[in-house]
Amino acid sequence: MIESKFMTTTQKIAARFFLQTVILLLLYGVAALISALKFLSPDDSLFTVLPYQQASGLANILLNLAALTGLVGGGVYVAGQHRAAENFTLRLVSWVWTVLLILSVLAGIFGMGEGRNLLELPVALDILTVAALIVILLPLLPAALRVPTLQIWCVGLVASIVAILIGLITPGDFGQERVLRGLAVGINIYLAYPLMAIALGYWLMHRFSNLTPAWLDRDIYVAGGLVLLAGGLVILSTLFPVPEWIGGIGGLALGLAPILYAMIAARCYPALTRRNPTHTLGAHWFTFSLLLYLLTFGLLAALGAASAVREYTLGTRLSDLQTTMVLLAAVMMGLGVINQASAEIRGQNWRITGLTPFWLVVLGVLVGGLALGAAGVVQVYLERILSIGYLDTQTLLVPLYTGWTMGLLVLLLGFIVYALGFWARRPGR
């Protein structure tokens, strides 16, 4: 445990990212809950007046920003422990990031998003995001050259920048638009975020396990390679549907994704069994994040192994579930880093937020995810197989949407309790 009586510049910048992450998660919980309430009674005038479209798009934007902000803040904190540059530019860009988040939230609230269902940021904010990420990356590169954890983290950050840039390309036709959008979204959530998350996960293992630093520094390259391979298989399967005559081969290739993540989990398992006396709950959030990645990539493989299956599930609640879960997995890793880093800055070997918010978040994610997944399966059967109309199907799904809404309510409660604990023991207090 690193004890620090006074916060360094890099620690202050990281703490600002941590606080922003917590605020974004609170806003996401509210927006997601509003968007779910719309489905409880589609014909009820009370629910039809809710700003569903804005809330749905805003929730997606907020979850993306929460994941990215937490992962960036974690990387900045880790780099600060290895004497990364603490210059004026890095301090300035941290405030620019604050402005970016405010503008992004306002854009989502007023329905100024872009893409399908207004799920993406306007072009100007995407450009600002790229510029900010590049400025954050450059001062950290000298430290990254010496530290394996930061090397994998930087690869993930570069991948995120590339994904945003691909999204800025103007397509020539609908086919190009589909490919470019698939690349932009896929690289971000299936490659960039998992790489940054696994890098921070290995940093957490340095903290809560008795595994030797030398072993962890070597093994992170293996884990990073597995993440790249698994993410690449998923992205290729969504961009280029497998022809029927090689459907079996394509399904086998995509089926490797959950196996690869199972291998990552197996490599991390010794760290969970050989624990040291660290009580920050970083290991708890790390384990839940790893579980979500394993479940998400397993679900992706099951639903995308054959093109015929994808035709039924695309655009249903199952698609929403996949995207949400993979982003929440990155968020959970970020929360683990926030717990660990905040405790270190305060010079304490103790919990920053406690077990109550952890179990509330776990319960909310699992209950809400199970209900949304069940709604997706029923939707596929009723709408895509029995050809029942969309509105009639939505009415029949109300009981499952109720479970989804209850899960989101518990998740929001978990985020609120987490935020209160974080604020009471925030770094620098």
Side-chain angles (χ1 to χ4, degrees), residues 13-35 55-77 94 97-109 113 119-121 125-126 128-129 132-133 136 153 156-157 160 163-164 185 188-189 192-194 196-197 200-201 285-286 288-289 292-293 296 320 323-339 341-342 352-353 357-358 360-362 364-365 368-369 408 411-423 426:
I13 294 171
R16 189 174 301 132
F17 279 110
F18 296 158
L19 177 60
Q20 291 167 350
T21 302
V22 174
I23 294 173
L24 287 170
L25 288 177
L26 289 174
L27 296 176
Y28 162 73
V30 174
L33 189 59
I34 292 176
S35 67
S56 179
L58 176 62
N60 185 77
I61 290 172
L62 289 170
L63 188 56
N64 268 282
L65 289 175
L68 181 58
T69 303
L71 295 173
V72 169
V76 169
Y77 178 80
S94 67
W97 192 263
T98 304
V99 175
L100 169 65
L101 295 180
I102 294 174
L103 294 177
S104 299
V105 172
L106 292 176
I109 291 175
L119 298 179
E120 301 166 7
L121 289 174
L125 294 182
D126 277 335
L128 182 58
T129 302
L133 291 178
I136 290 172
W153 181 85
L157 187 60
S160 184
I164 299 173
V185 174
N188 225 8
I189 65 175
Y193 291 174
M196 298 169 73
L200 295 178
W285 293 104
F286 166 83
F288 187 46
S289 173
L292 286 181
Y293 273 124
T296 300
D320 297 337
T323 303
T324 302
M325 285 299 183
V326 77
L327 287 172
L328 282 174
V331 167
M332 297 306 119
M333 193 68 78
L335 292 181
V337 174
I338 290 174
N339 268 46
S342 299
I352 292 296
T353 56
F358 172 77
L360 285 173
V361 169
V362 170
V365 170
L408 287 174
L411 180 64
L412 175 59
L413 179 60
F415 286 152
I416 291 174
V417 178
Y418 186 99
L420 292 175
F422 173 80
W423 183 256
R426 64 190 181 277

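Note: hydrogens, waters and symmetry copies are ignored here, and every other heavy atom, side chains too, is used. A quick note: this is a predicted structure, and the numbers were derived from the prediction, not measured.
Residues L133 and W97 have side chains in contact (heavy-atom distance under 4.5 Å, counting atoms from C-beta outward). Looking at F286 and M333, their side chains come closer than 4.5 Å, going by heavy atoms from C-beta outward. Between M332 and L292 the shortest side-chain heavy-atom distance falls below 4.5 Å. Residues L71 and Y193 are in side-chain contact: their nearest non-hydrogen atoms beyond the backbone lie under 4.5 Å apart. Inter-residue side-chain proximity for F17 and I338 is flagged as unmet; no heavy-atom pair is nearer than 4.5 Å. Put simply, the side chain of V361 reaches to within 4.5 Å of the side chain of L411, judged on heavy atoms. At a threshold of 4.5 Å between non-hydrogen side-chain atoms, the residues M325 and V365 count as touching.
Listed by first then second residue, pairs satisfying side chain to side chain donor-acceptor pair (under 3.5 Å) with a partner in residues 19-34 read Q20-T98, not counting sequence neighbours.
Annotation: the span from I61 atom CD1 to I109 atom CD1 amounts to 10.0 Å, rounded to 0.5 Å. Note that the CD1 atom of I34 and the CG atom of L58 stand 8.5 Å from one another [nearest 0.5 Å]. Between L33 atom CG and L413 atom CG the span is 11.5 Å, to the nearest 0.5 Å. With rounding to the nearest 0.5 Å, the separation of CG in L121 from CG in N60 is 9.5 Å. The line from OG of S289 to CG of L200 is 9.5 Å long, rounded to the nearest 0.5 Å. For the atom pair CD1 of I189 and OG1 of T323, the computed distance is 4.5 Å after rounding to the nearest 0.5 Å.
Of all the heavy atoms in V337 and G74, the pair that sits closest is CG1-CA, 3.7 Å. The two residues P194 and Y293 have their closest heavy-atom pair at CA-OH, 3.4 Å.
Between the side chain of S35 and the backbone N or O of A32, at least one donor-acceptor pair lies under 3.5 Å. No donor-acceptor pair closer than 3.5 Å links the side chain of W153 to the backbone N or O of V76. Side-chain N or O atoms of T129 include one that pairs as donor or acceptor with a backbone N or O of L125 at under 3.5 Å. No donor-acceptor distance shorter than 3.5 angstrom exists from the side chain of R16 to the backbone of I13, with no hydrogens or angles considered.
Using bins of under 30°, 30° to 60° and over 60° for the plane-to-plane angle, the ring pair F18/Y77 lands in the tilted bin.
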Donor-acceptor contacts under 3.5 Å from residues 414-422 side chains, at least two apart:
from: Y418; atom 1: OH; to: L335; atom 2: O; distance (Å): 3.1
from: Y418; atom 1: OH; to: N339; atom 2: OD1; distance (Å): 2.7

